[in-house]
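The block underneath contains the structure these notes are about, expressed in structure tokens.
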Protein chains: 2
Amino acid sequence: MFTIGDAARASGLPTKTVRYYADVGLVKPDARSQSGYRLYGQSELRKLMFVRRARAFGFSVDECRELLGLYEDRDRPSREVKKLALQRISEIEKKMEELQFLHHELTHLADACRGDDRPDCPILSSFAEDTD
Amino acid sequence: MFTIGDAARASGLPTKTVRYYADVGLVKPDARSQSGYRLYGQSELRKLMFVRRARAFGFSVDECRELLGLYEDRDRPSREVKKLALQRISEIEKKMEELQFLHHELTHLADACRGDDRPDCPILSSFAEDTD
DNA sequence: GTAATCCTTCCAGTAACTGGAAGGTCAAGA
DNA sequence: TCTTGACCTTCCAGTTACTGGAAGGATTAC
């Protein structure tokens, strides 16, 4: 059994985050020591690592909860997991399009701005325009 | 002078948001009516619109505060504005790279997942792997 | 007059932590 | 045995930028 610090090191998550995951019921410790320390077993360590990776892939904590459920259920159809992944993919695509647009616009504005001592600035002008 | 509802309609922001901006001192009403209603003048409407656009470009509320300051100061050098814009641009680029990576990885995994009734799923396997 | 709409303030909640304070626990060294 | 330092506990507050809702006053239209 590992204390929370060990679990944190092993999973690559901050201690605070592991405690937070315990609080919200995402990955609970197997047990508590006599003095109240959280104690994690191997399988919980694996879950923590699992969650860290899924979070890094942009899955929300709630989605991680769902994935953990699927992960634990050895008989669940892979369809459900794929569905979650495809949803995430399309969210990522949407976000990328938005960013692309912002990047384009801002670059355009920054290029047009002399960036010198003079106050003329098309960036601010564009924010102040009456048109949308 | 416009009440908060008018200001909201004119600026394209939700009423709650306009009130919030007043609370945090981003765009304060010119005055209050006898009954305590917030009253906005033309110049405040312009600032609200300005903020809405800058927010749409991903500038944080604090950055908007800064931009408003520059916007109000008719003598500030455009260099300062450009600096903020360039910072934002590089943040956007970094974010896009991250998303690109996630998209690539997730697409790869989703492609490899059959998405059928069977439980075999490379997506979950990859989250559960011992390697990083 | 009254109903609908608008306005006010205040409180709480969102997502996912993070920081800090106050205090208990544990292992090692003098 | 005592103490030091590292570790653990809980609880509270703050972060970002709002958003929702409740309770209640103001204004406007009919």
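Below, read A as the first sequence line, B as the second, and so on, with proteins coming before strands; counting in each chain starts at 1.
A residue-by-residue look at Lys16(A) and Ser35(A) shows that Lys16(A) has its nearest nucleotide of DNA chain C further toward the 5' end. Annotation: of the two residues near DNA chain D, Gln34(B) and Val61(B), the 5′-most nearest-nucleotide partner is Val61(B). Across the interface with DNA chain D, nearest-nucleotide mapping of Gly5(A) and Leu13(B) shows Gly5(A) to be the residue nearer the 5′ end.
Considering only side-chain N and O atoms, Tyr20(A) lies nowhere under 4.0 angstrom from the phosphate OP1 or OP2 of dA15(C). Between Arg32(A) and dT10(D) there is a side-chain N or O to OP1 or OP2 distance below 4.0 Å. Between Arg38(A) and dT9(D), a side-chain N or O to OP1/OP2 separation shorter than 4.0 Å is present.
Of all nucleotides listed (dC7(C), dC18(D), dA17(D)), dC18(D) comes nearest to the side chain of Tyr21(B).
Across all strands, Thr15(B) comes closer than 4.0 Å to no nucleic acid atom at all (heavy-atom distances). Ser33(A) comes within 4.0 angstrom of nothing in the nucleic acid, heavy atoms only. Within 4.0 Å (heavy atoms only), Thr3(B) reaches sugar-phosphate atoms of the nucleic acid but no base atom. Heavy atoms of Arg19(B) sit under 4.0 angstrom from at least one base atom.
Side-chain atoms of Val61(B) and Tyr21(B), non-hydrogen and from C-beta on, do get closer than 4.5 Å to each other.
One interatomic measurement links the two molecules: CZ of Arg9(B) to C1' of dC7(C), which rounds to 12 Å at whole-angstrom precision. For the pair Arg55(A) CZ and dT18(C) C1', the computed distance is 14 Å after rounding to whole Å. Here the C1' atom of nucleotide dG19(C) and the CG atom of Asp23(A) are 15 Å apart, to the nearest Å. One can place OH of Tyr40(A) at 15 Å from C1' of dC7(D), the figure rounded to the nearest angstrom. Distance, Asp6(A) CG to dT25(C) C1': 15 Å, rounded to whole Å. When rounded to the nearest whole Å, the span between CZ of Arg52(A) and P of dA16(C) equals 17 Å. In this entry the distance linking CZ of Phe2(B) with P of dC6(C) reads 17 Å, nearest Å. Protein atom CG of Leu26(B) is 14 Å distant from nucleotide atom P of dT16(D), rounded to whole Å.
Salt-bridge formation is not detected for the pair Lys94(B)/Glu91(B): no Lys NZ or Arg NE/NH1/NH2 atom is positioned less than 4.0 Å from an Asp or Glu carboxylate oxygen. Using a 4.0 Å cut-off between charged side-chain N and carboxylate O, Lys47(A) and Glu44(A) make a salt bridge.
Looking only at distances, no side-chain donor or acceptor of Arg32(B) sits under 3.5 Å from a matching main-chain atom of Leu39(B).
The structure places OG1 of Thr17(B) at 11.0 Å from CG of Asp23(B), a figure rounded to the nearest 0.5 Å.
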